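Structure record follows, encoded as structure tokens.
Values below: all heavy atoms of this structure, side chains included; hydrogens, waters and symmetry mates excluded. Computed from a prediction, not measured in an experiment: that's the story for all the values here.
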Amino acid sequence: QVQLVESGGGVVQAGESLRLSCGASGRTVTGRAMGWYRQAPGKEREFVAGILWSGVGAFYADSVKGRFLMASDNLQNTVYLEMNSLQPEDTAVYYCNAGISVAALKSFATLGSWGQGTRVTVSS
């Protein structure tokens, strides 16, 4: 089983940036990809971004494309989500998870148990 710990959330003003981190442990390498998800209050969890552990093949949801950048550190078993030009609609709890591919992650075919997430609040 893959264990996941997210960190880096906080409260920021619109237009500012945050960098989220996700540490993965356990049977991490059974998955070839990692993804970020978010769940806003009263809404369903949505896929935000995914990338292969090799660092290629990044895919972003339309809502964050051009503003968010995902990166992976295979040696540290850590993935990052650089979030720029944050907007109030980005307010959510952000989660990460592992998958066999980015396509699988987009379909919520995840390998790990969901962690506590990290809360991002963007004020206008």
Worksheet item: Hey, what's the ring geometry for F108 with W114, parallel, tilted or perpendicular (30° and 60° as the breaks)?
Response: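 Tilted, since the angle between the ring planes falls between 30° and 60°.
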
Practice prompt. Please say whether the positively charged group of R19, taken as NZ for Lys or CZ for Arg, lies over the ring of Y80, i.e. under 6.0 angstrom from the six-membered ring centre and within 45 degrees of the axis.
Written response: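 Judged by the rule (NZ or CZ under 6.0 Å from the ring centre, within 45° of its axis), R19 counts as positioned above Y80.
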
When hydrophobic residues are tied together by side-chain contacts of less than 4.5 Å, even through go-betweens, does [X] share a cluster with [Y]?
X    : Y   : value
V120 : F68 : yes
L81  : W53 : yes
V48  : V5  : no
Y37  : M34 : no
Y95  : L4  : no

Counting only N and O atoms by type, is there a donor-acceptor contact under 3.5 Å from the side chain of [X] to the main-chain atoms of [Y]?
X   : Y    : answer
N97 : G112 : yes
R67 : S85  : yes
E16 : Q13  : yes

Once you round to the nearest 0.5 Å, how far does [atom1] of [X] lie from [atom2] of [Y]?
X   : Y   : atom1 : atom2 : result
C96 : L20 : SG    : CG    : 9.5 Å
R38 : R45 : CZ    : CZ    : 13.0 Å
L69 : S17 : CG    : OG    : 11.0 Å
K43 : T91 : NZ    : OG1   : 10.0 Å
D90 : S63 : CG    : OG    : 7.5 Å
L52 : N74 : CG    : CG    : 10.5 Å

Worksheet item: Looking only at heavy atoms, which two atoms of A14 and S124 are closest? And how far apart?
Response: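 So the two residues come closest at CB-CA, 4.3 Å.
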
Fill in: Closest non-hydrogen atom pair between V79 and S72, with its separation
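Heavy-atom minimum between the residues: CG1-CB, 3.8 Å.
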
Worksheet item: Restricting to pairs with a member in residues 45-80, which pass disulfide bond (SG atoms under 2.5 Å apart), not counting sequence neighbours?
Response: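 Listed by first then second residue: nothing to list.
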
Between [Y] and [X], is there a side-chain heavy-atom distance shorter than 4.5 Å?
X    : Y   : answer
Y94  : M83 : yes
T118 : V93 : no
L86  : L18 : yes

Discussion item. With side-chain contact (heavy atoms from CB on, under 4.5 Å) as the test, pick out the partner of L105 among W36, F47, F59.
Written reply: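 Of the listed residues W36, F47, F59, the side-chain contact (heavy atoms from CB on, under 4.5 Å) partner of L105 is F47.
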
Worksheet item: CD of E82: more than 12 outside heavy atoms within 6.0 angstrom?
Response: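 Above 12, so yes.
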
